[in-house]
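Per chain, numbering begins at 1; letters A, B, ... match sequence-line order.
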Number of protein chains: 2
Amino acid sequence: MLNFPTLHTSPFLSVLPETLANKVKEIAVVVKYNDGEFIHDRGDMKRGLSIVKTGAVNVGVYGEDGAFILTSTLGEGQCFGEFTLFTKLPRTHHAAARGVTEIYQIPGKKFMGLTEKEPQILNALLTVTLMRTHYLIEMLDAFRRLPLRERTAKTLVTMMGPRGATGTKGGEYKISCRQSELASMLGVTRVSLNRVLQQLADLTLIKIGYGYIEILDTNCMISWVGRHCGLTALEG
Amino acid sequence: MLNFPTLHTSPFLSVLPETLANKVKEIAVVVKYNDGEFIHDRGDMKRGLSIVKTGAVNVGVYGEDGAFILTSTLGEGQCFGEFTLFTKLPRTHHAAARGVTEIYQIPGKKFMGLTEKEPQILNALLTVTLMRTHYLIEMLDAFRRLPLRERTAKTLVTMMGPRGATGTKGGEYKISCRQSELASMLGVTRVSLNRVLQQLADLTLIKIGYGYIEILDTNCMISWVGRHCGLTALEG
DNA sequence: CATTAAATGTAAAAAATGTTACATTTGAAC
DNA sequence: GTTCAAATGTAACATTTTTTACATTTAATG
């Protein structure tokens, strides 16, 4: 149902030791959103941490032409809004539910109070944030250095999530996303994206479907990306 | 002497309360590097936090053609290597001194020990890291959405550092960097960059020099970027 | 199974960027 | 001030990407 780029990082709730995760959940209010419903808007000043309980969240902005530009999608256990806790800036992105979604909402002051008693929470939040920074630096690098075909392949790999989690080990892996969404993430038009997807299909790395892309052999794909995109330590 | 993209974020040592900054300095060893000398190499496993005492540090990677691709430059008070403290991954970037540079080097275990006694340090590190994440997301957005001319102008603005710190208020501001460096950061060739710089010069936003670029009126420049690049809350 | 909206596929001209090669300018060192 | 290496400016052509417009395929619905 959902395998979208989860920023290629571990969820906050998984990094947190279980006892602490429970304490965080205790001070949270669970709010339910329907598909497409907005959780936060760009410009909002209200401070607080949000964590995905079930479902998923699209994060992005509206371009000048009114089209929603997807920055990333967050899966279960992942947090967002932490930026509002440590700065005084308004939110820079919209967050919208992807399917029926439940969110743990934690007011800023409540959360900061808990971190004073349990500084270990900061450790986990820092770990998650640094992993995101790492991912973002890699993506920036891809934009700078890689041709579209390679950049696309690399992005597809990051969209696979933790190795072997869903797909058969070394086997195929299905990514549900429209070409227009992927194009928006990669900063190109759907026409250009379609062209390079077909090139990757010709290389028998992927198979193009209606609303999804299938990676035919995850090991082959990862190895191809390693050879053609260089630099990347895609996993430790 | 040095005004390069400092990731457009506050230095770690400035965010940290002074007493804590001193405690961090106390457990550090100061190491001196000459211009161009490597501080860390990609692939290094040794864990530790580094902070720029004086001078500056170029962070980047070597491309397949052997050319150094600049990711960012860090100024005084800024930290790097924090990624090695919270994950077990090797370093992903090279770090080289830009001019004669002194670095506070703090071994991983020592630093983590201090944070247990003074969790406030994690707070500061988190703040800095989140600001970097914010900057990186903005840059990624620029790559996705903006034409080269706009992306260049926006990058120049972020290279100005804290508003009015060095340049005359609302007046001119001189950025020392070669066109080839800027081109590498923007992921284009020097030829293309030169073309758009001249366009910005024709708009009387900048003046192109030998080894530097002068922003003629910082207020005009910021306003132009605001109008043409959209979205960005460049400052709170 | 016919209909329909959404998604994908394709084609051609225009625009942007890269490649290559060379000319010119600048600033520092002597 | 001459010399020289480094940096910037420029031009022609190749390649990639966008733009625009339309055709085709798919999956869901009645």
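- The distance between atom CD of B/Gln199 and atom P of D/dG9, rounded to the nearest whole Å, is 13 Å.
- For A/Gln179, no side-chain nitrogen or oxygen approaches OP1 or OP2 of C/dA6 to under 4.0 Å.
- Regarding B/Ile213, its CD1 atom lies at a distance of 9 Å from the P atom of D/dG9, rounded to whole Å.
- The phosphate of D/dT8 (OP1 or OP2) has no side-chain N or O of B/Gln198 nearer than 4.0 angstrom.
- One interatomic measurement links the two molecules: CG of B/Asn194 to P of C/dA21, which rounds to 19 Å at whole-angstrom precision.
- Taking all atoms of both residues into account, the shortest heavy-atom contact from A/Leu49 to A/Gly81 is CD1-C, 4.4 Å.
- With 3.5 Å as the limit, one finds a donor-acceptor pair spanning the side chains of A/Gln198 and A/Asn194.
- Between B/Arg195 atom CZ and C/dT17 atom P there is a gap of 8 Å when expressed in whole angstrom units.
- Side-chain atoms of A/Tyr210 lie closest to C/dA6 of the nucleotides C/dT10, C/dA6, D/dT8.
- Between A/Arg178 atom CZ and C/dA5 atom C1' there is a gap of 12 Å when expressed in whole angstrom units.
- The residues A/Glu37 and A/Lys32 are annotated as not salt-bridged, no charged nitrogen and carboxylate oxygen being separated by less than 4.0 angstrom.
- If you take CD of A/Glu181 and P of C/dA6, they are 14 Å apart, rounded to a whole angstrom.
- Nearest-nucleotide positions on DNA chain D place A/Leu148 closer to the 5' end than the other of A/Leu148 and A/Tyr212.
- As judged by a 4.0 angstrom heavy-atom cut-off over every strand, A/Val191 is placed among the base-contacting residues.
- A side-chain donor-acceptor contact under 3.5 Å links B/Arg144 to the backbone of A/Met185.
- Rounding to whole angstrom units, CD1 of residue A/Ile208 and P of D/dT25 are separated by 15 Å.
- Distance from the side chain of B/Thr189 is smallest for C/dT19 among the nucleotides D/dA21, C/dT19, D/dT10.
- Of the two residues near DNA chain D, A/Pro147 and B/Gly211, the one whose nearest nucleotide lies more 5' is B/Gly211.
- Between the C1' atom of D/dT18 and the CG atom of A/Leu193 lies a distance of 14 Å, rounded to the nearest Å.
- Here the shortest heavy-atom pairing between A/Met159 and A/Ile175 reads CE-CG2, 3.7 Å.
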